Amino acid sequence: MRNRNRWNILCMTTIFCAAAMIGCGTKTVKDSDVVMEIAGQPVVKAEYQMILAAHKTEVERRYDTDTVNRKDFWTAKQEDGTPLQQVMQLAEADLKEKKVIAKLAKDYGIAVQTDYLSIAAGMEEENNRRENGEDSGETVYGLDSFGIENYYDYIYTQTDHALTEKLKQEQSVSEEDLEKLYQENQQLYTSDVSVKMLVAETSIETGQEQMIQAVEEMKAQTDIDSLADSYPDVQFYEIEMSSLNMEEGKSGAYMKRWLTASVMQQGEVCEPFEIGGNFMAMRCLKREESAVQPLEEIRGILESDVRARLAQEKIAGEVERAEVRYEEKLLRQVTLEVLQK
């Protein structure tokens, strides 16, 4: 592991220090030199070529093997333009979205370094931290080390999420918008099974015998206050669960509660069972099949979805308006350097 990370650091140092000639008679362009500017954000050569390489196969798949193997494949004109033009357009569109996110993140005070050189330096620091953590016996989650492509995507994914959350806060959502979304997507809020349960729960130390007695009482009545008076060591409560909305979905500790409740019919009382170090029993107070959750129950989820959509629309509008600047001849040469390897 240590040798691999040292090799990674050596490679990154070489990237940013070495100059590469991109063609006879043309100026020298270092990997750390800016070759494009989008929305005022710089794109360096190494970054552009990394994004370009990610789209190379996408363009090659559009053609048969014989065509792709031609020496002039990238510059030969096809019905939909040259493959060179196609891959450059894909790379530009990809970078345009990322750099607009970077610009908006700065505008909204999100403290993250999104330029390529800072990301590369951050990757080295993170890889060193992970190696040192392993050496000291610390538990390290995820990858043993990042490659530049993975870490670059990780930073931009995190930045996009943080920006979306910021933008969501300034979006206004009308009651009309919520109602429309709810009516158009009711199938998403329809549960296979919905139940309302009366639950009796007590610690194992209290004893199974008292729980058995409480179960017999639950068969006769469902008044929580009366049950609590008769069995003060047993906790009684009501809970509504469905295949779409249940506490069990957030934690596996009470999954047995849902599995038991989901097959019970109205009025049925189950036998006591052990769960999470306690004894539990339930009576089904109400059961519905194919139940649509009321708007009030999912208002928060719907409102968050609407705000997220509006935030993404704002980002998309900024992407569409973003200014892209580059020297076409230079960028073409930088592109061919990757494609013709």
Side-chain angles (χ1 to χ4, degrees), residues 4-60 74 83-103 105-106 112-131 143-160 319 322-341:
R4 183 167 75 250
N5 279 338
R6 285 174 177 166
W7 174 249
N8 286 340
I9 294 171
L10 178 60
C11 288
M12 291 305 301
T13 302
T14 303
I15 284 176
F16 298 123
C17 293
M21 292 299 295
I22 60 175
C24 182
T26 64
K27 66 178 182 179
T28 299
V29 181
K30 296 179 181 179
D31 286 344
S32 57
D33 285 347
V34 176
V35 296
M36 177 185 282
E37 187 179 277
I38 302 175
Q41 305 301 304
V43 177
V44 299
K45 177 187 173 185
E47 177 180 17
Y48 177 76
Q49 290 189 329
M50 178 186 71
I51 297 296
L52 193 77
H55 292 286
K56 178 181 177 183
T57 302
E58 182 179 347
V59 173
E60 290 175 333
W74 290 105
L84 176 64
Q85 293 170 331
Q86 294 173 44
V87 75
M88 289 179 71
Q89 289 169 0
L90 289 171
E92 181 179 321
D94 192 343
L95 282 163
K96 198 173 180 183
E97 182 175 356
K98 286 181 168 63
K99 294 307 172 181
V100 165
I101 288 172
K103 176 186 180 301
K106 290 180 181 178
V112 60
Q113 295 294 325
T114 54
D115 66 280
Y116 184 82
L117 300 183
S118 294
I119 290 175
M123 180 196 72
E124 290 185 17
E125 292 177 5
E126 178 63 21
N127 285 344
N128 287 336
R129 185 188 70 79
R130 288 171 178 265
E131 181 184 8
L143 299 173
D144 291 339
S145 64
F146 284 98
I148 186 60
E149 296 88 352
N150 289 337
Y151 197 69
Y152 182 91
D153 287 341
Y154 167 75
I155 292 297
Y156 271 97
T157 298
Q158 294 293 102
T159 305
D160 185 21
V319 170
E323 182 182 6
V324 181
R325 300 174 60 186
Y326 58 85
E327 183 183 330
E328 186 170 354
K329 181 178 179 181
L330 178 61
L331 197 65
R332 176 186 172 94
Q333 292 168 336
V334 169
T335 301
L336 287 171
E337 182 180 319
V338 173
L339 301 178
Q340 296 180 339
K341 283 183 179 179

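Nothing here was measured: the structure is a model prediction, and the numbers come from that model.
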> So E60 and T57, side chain to side chain contact (heavy atoms under 4.5 Å, CB included) or not? Walk me through it.
Replying inline: CA-CA 5 Å; E60 290 175 333; T57 302; 4.2 Å; yes

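- Checking side-chain atoms of D31 against main-chain N and O of A46 turns up no donor-acceptor pair under 3.5 Å.
- Salt-bridge check for E126 with R130: passed, with a basic side-chain N closer than 4.0 Å to an acidic carboxylate O.
- At least one donor-acceptor pair under 3.5 Å links the side chain of T159 to the backbone N or O of I155.
- If you take OH on Y156 and CD1 on I119, they are separated by 5.0 Å, rounding to the nearest 0.5 Å.
- Note that the CD1 atom of I51 and the CD atom of E149 stand 9.0 Å from one another [nearest 0.5 Å].
- Between M36 and I38 the shortest heavy-atom distance is SD-CD1, 3.5 Å.
- Side-chain atoms of T335 and Y48 include a donor-acceptor pair closer than 3.5 Å.
- Interatomic distance, E92 CD to L52 CG, rounded to the nearest 0.5 Å: 11.5 Å.
- Side-chain contact check for Y152 versus M123: every heavy-atom pair is 4.5 Å or farther apart.
- Across V34 and P42, no two heavy atoms sit closer than the pair CG2-CB, 3.8 Å.
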>> side chain to side chain contact (heavy atoms under 4.5 Å, CB included) for E58 and Q86? Distances and angles first, verdict last.
In response: CA-CA 10 Å; E58 182 179 347; Q86 294 173 44; over 6 Å; no

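- No hydrogens or angles considered: nothing links the side chains of D160 and T157 as a donor-acceptor pair under 3.5 Å.
- The structure places NZ of K56 at 6.5 Å from CH2 of W74, a figure rounded to the nearest 0.5 Å.
- Rounded to the nearest 0.5 Å, atoms CD (Q158) and OG1 (T114) are 13.5 Å apart.
- No donor-acceptor pair closer than 3.5 Å links the side chain of D94 to the backbone N or O of L90.
- Of the possible donor and acceptor atoms, one in the side chain of Q49 sits under 3.5 Å from a partner among the backbone N and O of V334.
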> Could you walk me through whether Q41 and K98 pass the side-chain hydrogen bond (donor to acceptor under 3.5 Å, both in side chains) check?
Replying inline: CA-CA 10 Å; Q41 305 301 304; K98 286 181 168 63; over 6 Å; no

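- Nearest approach of K103 to A39, heavy atoms of both residues: CD-O, 3.4 Å.
- In this structure, the side chains of L339 and V87 come closer than 4.5 Å at one or more pairs of heavy atoms.
- Within the 4.5 Å cutoff, no side-chain heavy atoms of Y326 are placed close to those of V43.
- Taking CE from M88 and CG from L331, the interatomic distance works out to 4.0 Å, rounded to the nearest 0.5 Å.
- Minimum heavy-atom separation, L117 to S32: CD2-CB, 4.1 Å.
- Salt-bridge annotation for E47 and K99: present, with a side-chain N of the basic residue lying under 4.0 Å from a carboxylate O of the acidic one.
- One N or O on the side chain of D33 and one on the backbone of K30 form a donor-acceptor pair closer than 3.5 Å.
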